[in-house]
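Each residue takes its place number in the sequence, starting with 1.
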Amino acid sequence: MEIQRFIALIDDIIKNRISDLHFSTDEMAYIRNGVWDIAPIPAFGKLSQADIDTICQHIISRPFTERTVDASYAQSGTRFRVNISRTINGVTLAFRMIPSKIPEPEQIGLPKHLLDLASAEKGIILVTGPTGSGKSTTMAAMLEHVNRTTKKHIITLEDPVEFVYENKQSLIHQRELGKQFESFPDGIRSILREDPDVIVVGEMRDLDTIRAAVTLAETWHLVFSTLHTNDTIQTVDRIIQSFPPDEQSQIRMQFSLALRAVISQVLLPKVDGSWRVVAREIMLNNDSIRNLIIRGETHHMYSVLEISKQEGMVLMDDAIIDLYRRKYVAKETILKYVRDKDRIAMLTEGT
């Protein structure tokens with residue numbers, strides 16, 4: 001396969017704003033756009049192992065020999081997040097298009113009080129949700145707000161680098177795993193010698209990274225990071241339970257003091273089928289949340305979120321029902337995603 005054929009396909013993907021592209025050994029190429037069903041591209045034909053090897057070499061500049069690799073790829077001014085993995089039938093590549101511009105907060109429904117929180121002097125802000133829920137986009141919009149409105153030194157550790165920032169009021173240095181640093185814990189240790197104010201840890205994947213991020217947040221740094229968790233309370237539990245039992249009491253105290261906010265989100269298909277809309281659960285750290293973390297009574301946090309709306313906290317169910325009332329999503333959609341289906345059924349009865 002000539003690489004120019006691959007380049008021409010990517011140009012078509014960019015032109016038609018296709019969100020996802022998939023290659024597999026001895027299969028046709030497949031595409032997906034937003035919430036649309038995945039569909040083949042018969043005109044492109046099946047890809048042989050030699051074709052896959054050629055594309056891998058083009059993407060990562062070397063033969064693919066590992067079990068899985070995350071990488072970035074840029075073409076015609078557009079960046080893609082790429083995952084290369086092995087399956088029982090061969091190698092697969094999954095491309096996700098990254099928007100060329102960081103969205104404005106109002107474009108993604110990001111409330112002002114979260115932007116204000118992003119200007120804090122220290123603490124940790126977590127953006128969570130399943131794969132493909134827009135975590136990187138939300139974090140990028142918050143970080144760009146910091147860039148525009150404060151004079152800070154921002155360092156990012158990413159896997160891979162997705163959005164590319166330009167210095168505004170702040171100075172930003174971006175690094176990619178495997179290129180500019182070997183592991184998140186090593187990258188964090190190096191950062192401490194570089195006078196940072198804001199640190200972005202692309203994802204908290206292991207105990208060493210979590211431990212280092214919490215320590216940074218305690219020591220007059222503002223830390224942004226992501227986790228693959230389904231709601232704000234599960235996020236707190238995941239952090240605490242990552243530590244050995246004999247350390248959990250200490251980390252509850254540390255984390256309760258370091259935490260600024262947890263933002264958990266999901267993307268729902270819009271009622272007109274045109275694209276997706278974000279629903280966010282927002283937990284802001286206050287005395288009630290802090291005490292529940294320390295005592296290990298995180299299951300009571302749902303009640304705190306429900307009664308703290310005036311402080312800017314939001315339950316996921318309330319966020320979803322708000323989208324329904326504004327006619328963004330269908331009733332059938334919200335019933336798939338809400339936690340308390342009986343409560344939602346009563347709220348939507350007769351509609």
Spacing of Gln254 atom CD and Arg211 atom CZ [to the nearest 0.5 Å]: 8.5 Å

Ser48 versus Asp51, side-chain donor and acceptor atoms under 3.5 Å: yes

Test item: Thr226 side-chain N/O and Gly202 main-chain N/O as donor-acceptor pair under 3.5 Å: yes

Derivation of the side chain to side chain contact (heavy atoms under 4.5 Å, CB included) call for His145 and Leu110: CA-CA 11 Å; His145 175 76; Leu110 204 57; over 6 Å; no

Short side-chain to backbone donor-acceptor contact, His221 and Leu216, under 3.5 Å: yes

CA sep, side-chain torsions, deciding dist, call: Gln180, Gln174, side chain to side chain contact (heavy atoms under 4.5 Å, CB included): CA-CA 9 Å; Gln180 288 83 39; Gln174 295 181 258; over 6 Å; no

Lys168 bridged to Glu144 by N-O distance under 4.0 Å: yes

Test item: Arg79 side-chain N/O and Glu162 main-chain N/O as donor-acceptor pair under 3.5 Å: yes

Any side-chain heavy-atom pair of Tyr302 and Arg339 under 4.5 Å: yes

Glu104 backbone acceptor or donor facing Gln107 side chain under 3.5 Å: yes

Residue pair Thr68 / Asn83, side-chain donor-acceptor N/O under 3.5 Å: yes

Closest contact, heavy atoms only, Arg260 versus Gly123: CG-CA, 3.5 Å

Heavy-atom pair with the smallest gap, counting every atom of Arg252 and Ile294: CD-O, 3.6 Å

Whether over 12 other heavy atoms sit under 6.0 Å from Arg62 CZ: yes

Polar side chain donor-acceptor pair, Gln234 to Asp237, under 3.5 angstrom: no

Backbone N/O of Gly109 and side chain of Arg280: donor-acceptor pair under 3.5 Å: yes

Under-4.0 Å salt bridge between Asp322 and Arg326: yes

Same apolar cluster: Ile239 and Leu284, side chain cutoff 4.5 Å: yes

Same cluster (ILVMFWY, side-chain, under 4.5 Å), Val278 and Val262: no

Heavy-atom closest contact (Pro269 atom, Tyr337 atom, distance): CD-OH, 4.4 Å

Contact check, side chains of Val82 and Ile60, non-hydrogen atoms, under 4.5 Å: no

Backbone of Asp340 reached by a side-chain donor or acceptor of Asp317 within 3.5 Å: yes

Note, Ser249 side chain near Phe243 side chain (heavy atom, < 4.5 Å): no

Gap separating the CG atom of Leu126 from the CG atom of Leu227, nearest 0.5 angstrom: 6.0 Å

Expected output: side-chain Ser256 to main-chain Asn291 donor-acceptor under 3.5 Å: no

Inter-residue atom distance Lys270.NZ - Tyr328.OH, 0.5 Å rounding: 6.0 Å

Cationic N near anionic O, under 4.0 Å, Glu194 to Arg175: yes

Cation-pi check, Arg189 onto Phe181 ring (under 6.0 Å, within 45° of axis): no

Gap separating the CD1 atom of Ile188 from the OG1 atom of Thr215, nearest 0.5 angstrom: 9.0 Å

Other residues, nucleotides, ligands: >12 heavy atoms within 6.0 Å of Glu166 CD: no

Separation of Met204 CE from Thr209 OG1 (nearest 0.5 Å): 8.5 Å

Any donor-acceptor N/O pair, Ser170 side chain to Ile172 backbone, under 3.5 Å: no

Salt-bridge present (Lys309, Asp318; N to O < 4.0 Å): yes

Shortest non-hydrogen separation from Ala118 to Val146 and the atoms involved: O-CG2, 3.0 Å

Atom CZ of Phe80: over 12 foreign heavy atoms under 6.0 Å: yes

Evaluation steps, side chain to side chain contact (heavy atoms under 4.5 Å, CB included), between Val198 and Phe224: CA-CA 8 Å; Val198 179; Phe224 288 87; 3.8 Å; yes

Plane angle bin for Tyr73 and Phe6 - parallel if under 30°, tilted between 30 and 60°, otherwise perpendicular: tilted

Asp20 vs Arg96 side-chain heavy atoms within contact, under 4.5 Å: yes

Gln265 and Ser133: side chain donor to acceptor below 3.5 Å: no

Nearest non-hydrogen partners of Thr137 and Ile108, listed with the distance: O-CD1, 4.1 Å

Arg295 atom CZ, neighbour heavy-atom count above 12 within 6.0 Å: yes

Glu281 and Val314, any side-chain heavy atoms less than 4.5 Å apart: no

Test item: Ile52 and Phe64 side chains (from C-beta on) under 4.5 Å apart, heavy atoms: no

Side chains of His113 and Ile282 in contact at under 4.5 Å (non-hydrogen atoms): yes

Verify same cluster id: Ile102, Val161 (apolar side-chain graph, 4.5 Å): no

Donor-acceptor contact below 3.5 Å, side chain Gln49 vs main chain Gly90: no

Thr92 side, atom OG1; His22 side, atom NE2 - distance, nearest 0.5 Å: 9.0 Å

Full working for side-chain hydrogen bond (donor to acceptor under 3.5 Å, both in side chains) between Ser264 and Thr232: CA-CA 6 Å; Ser264 185; Thr232 58; over 6 Å; no

Single-linkage hydrophobic cluster Met316~Leu267, side-chain heavy atoms < 4.5 angstrom: no

Check ion pair Asp287-Arg290 (N to O, under 4.0 angstrom): yes

Residue pair Gln57, Asp53: steps toward the side-chain hydrogen bond (donor to acceptor under 3.5 Å, both in side chains) verdict: CA-CA 6 Å; Gln57 179 77 40; Asp53 291 341; over 6 Å; no

Donor-acceptor pair, side chain of Asp70 and main chain of Asp159, under 3.5 angstrom: no

Connected via hydrophobic side-chain network under 4.5 Å: Leu305 and Ile334: no

Any side-chain donor near an acceptor of the partner, Arg238 and Thr128, under 3.5 Å: no

Any Phe23 side-chain heavy atom under 4.5 Å of Leu9 side chain: yes

Nearest heavy-atom neighbours spanning Ile18 and Met97: O-CE, 3.1 Å

Verdict with reasoning, Lys135 to His228, per side chain to side chain contact (heavy atoms under 4.5 Å, CB included): CA-CA 9 Å; Lys135 298 185 294 295; His228 291 287; 3.5 Å; yes

